[in-house]
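Below: the structure, in structure tokens.
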2 protein chains.
Amino acid sequence: MAIKNSSLKLIMNLAKVQAVVSRKFDRLSVHGIGFSDFLILHLLHHAPGEQLRRIELAEKIGLTPSGVTRLVMPLEKSGLVTRQANERDARVSYAKITATGKRIYNEAMKTADSIADSIIPITYIEKDRPIAELFQMLGGDID
Amino acid sequence: MAIKNSSLKLIMNLAKVQAVVSRKFDRLSVHGIGFSDFLILHLLHHAPGEQLRRIELAEKIGLTPSGVTRLVMPLEKSGLVTRQANERDARVSYAKITATGKRIYNEAMKTADSIADSIIPITYIEKDRPIAELFQMLGGDID
DNA sequence: GATTAGTCATTGAGTTGTCAAATATATTAG
DNA sequence: CTAATATATTTGACAACTCAATGACTAATC
């Protein structure tokens, strides 16, 4: 069942692996957040001033600005993130992580760590192996 | 901005890369199908008898059986796939690719090939490099 | 300093999935 | 055989996005 184009095959496997892996992170729901929420908290936590523009957030996680708006809205409502204005430019609004947000982030990080470790053995990372092998491990070939 | 857990970091990058890459395949819409539809047609086209159970389809593309039902339904309506019964077991229903389905698949394959090649240079595949490098190429680091 | 063009963010409407429950059938154990 | 259990698929309700259009600014040009 050979596919001629290896680039395409790799991408097909990427799609499958991502689908499988992302569902494992549903366990983050015990902290009241999803994987994308976790990603946002992670980025904000490590950003200078603990805040980022929505557009930067979008670029960094690979979503559209629209998606970021929809993700951040409930995080504001539940108090994990606050909205900050930019003095110079009234168009931009920063998302800033709150103390509560940091607490939730740190708790969720433990869960995320253990999920990640259970999916990808640490020994794998250290050896920096090729992709095909990793994908095999993460969900097998698509065909 | 070091993340302690490399497994987690890899998975964060996987999420981003998949988000970025999958949107590039929106160009398949000129053939009237999405990337997941393309994956289904691909699997059916290469399956023995050009058909698969829904549950096999689900396992192979990494989605849930529920998701497969929702994906295949419109493909049946537009005549790219037909439903086949199993004589021995009345619970299972095969999805089988039609002649029209194969035509669309072959056309879409050309587009998919060129998208894949534009994203991942063939030279990369041949050398079988480590993941970090590939992800860098596909969307950069998440942080 | 008034147009014009660009940028940041949000919204309405739609798509593509998910989970949990339901339906229908098949298999196993007593 | 019949009851209990397991398997294949579908459905209702919902979540997490997308695109295209819009609003509200800012910056560039003349």
Side-chain angles (χ1 to χ4, degrees), chain A residues 15-30 32-41 51-78 81-96, chain B residues 15-30 32-41 51-78 81-96:
Chain A
K16 176 179 181 180
V17 164
Q18 162 61 11
V20 171
V21 166
S22 79
R23 270 205 303 284
K24 305 212 176 192
F25 278 86
D26 286 354
R27 253 176 58 202
L28 285 176
S29 66
V30 302
I33 60 175
F35 185 60
S36 293
D37 299 319
F38 175 72
L39 245 37
I40 284 182
L41 292 179
Q51 61 178 18
L52 285 172
R53 296 162 171 230
R54 276 143 165 77
I55 208 171
E56 291 172 318
L57 226 29
E59 199 281 329
K60 279 175 187 288
I61 56 181
L63 300 184
T64 61
S66 176
V68 168
T69 295
R70 311 232 193 237
L71 276 171
V72 169
M73 215 152 35
L75 293 178
E76 284 175 351
K77 275 199 181 170
S78 53
V81 159
T82 49
R83 173 179 301 254
Q84 301 281 310
N86 178 323
E87 299 170 351
R88 299 268 178 94
D89 190 337
R91 290 170 305 181
V92 341
S93 93
Y94 292 96
K96 180 170 186 173
Chain B
K16 176 180 181 178
V17 164
Q18 163 61 11
V20 171
V21 166
S22 79
R23 271 206 302 284
K24 303 214 179 193
F25 278 86
D26 287 353
R27 252 175 58 202
L28 286 175
S29 67
V30 303
I33 60 176
F35 185 60
S36 293
D37 299 320
F38 175 72
L39 244 39
I40 285 181
L41 293 178
Q51 61 178 18
L52 285 173
R53 296 161 171 231
R54 276 142 165 78
I55 208 172
E56 291 171 319
L57 225 30
E59 198 283 329
K60 279 176 187 286
I61 57 179
L63 298 184
T64 61
S66 175
V68 168
T69 295
R70 311 235 194 238
L71 276 172
V72 169
M73 215 155 34
L75 292 178
E76 284 174 350
K77 275 198 180 172
S78 54
V81 159
T82 49
R83 172 179 303 251
Q84 302 280 311
N86 178 323
E87 299 169 351
R88 300 268 178 93
D89 190 336
R91 291 170 304 179
V92 340
S93 92
Y94 291 97
K96 179 170 186 174

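First the proteins, then the strands, lettered A, B, ... as listed; each starts at 1. In what follows, every heavy atom counts, from backbone to side chain, and hydrogens, waters and symmetry copies are set aside.
With rounding to whole Å, Leu63(A) atom CG is found 9 Å from dA16(D) atom C1'. For the pair Arg88(A) CZ and dA27(D) P, the interatomic distance rounds to 10 Å; values are reported in whole Å. If you take CE of Met73(A) and C1' of dC8(C), they are 16 Å apart, rounded to a whole angstrom. For Leu57(B) and dT9(D), the CG to P distance is 9 Å, given to the nearest whole Å. Rounded to an integer number of Å, the gap from Leu71(B) CG to dG17(C) P is 5 Å. Here dC19(C) presents its C1' atom at 18 Å from CZ of Arg27(A), a figure rounded to the nearest Å.
Across all strands shown, Thr64(B) has heavy atoms under 4.0 Å from sugar-phosphate atoms exclusively, and none from any base.
With dC19(D), dA6(D), dT10(C) as the choices, the nucleotide that has an atom nearest any side-chain atom of Arg91(B) turns out to be dA6(D).
No donor-acceptor contact under 3.5 Å links the side chain of Ser66(B) to the base of dT9(D).
Taking only side-chain nitrogens and oxygens, Ser36(A) comes nearer than 4.0 Å to OP1 or OP2 of dC17(D). Contact check, Arg83(A) against dT10(C): a side-chain N or O comes under 4.0 Å of OP1 or OP2. Arg53(A) has no side-chain polar atom (N or O) that falls below the 4.0 Å cut-off from OP1 or OP2 of dA9(C). A sub-4.0 Å separation between OP1 or OP2 of dC14(D) and a side-chain N or O of Arg70(B) is absent.
Here the side chain of Arg54(B) pairs a donor or acceptor atom with the backbone of Ser93(B) at under 3.5 angstrom.
Between Ala90(A) and Asp37(A), the one whose closest nucleotide on DNA chain D sits nearer the 5' end is Asp37(A).
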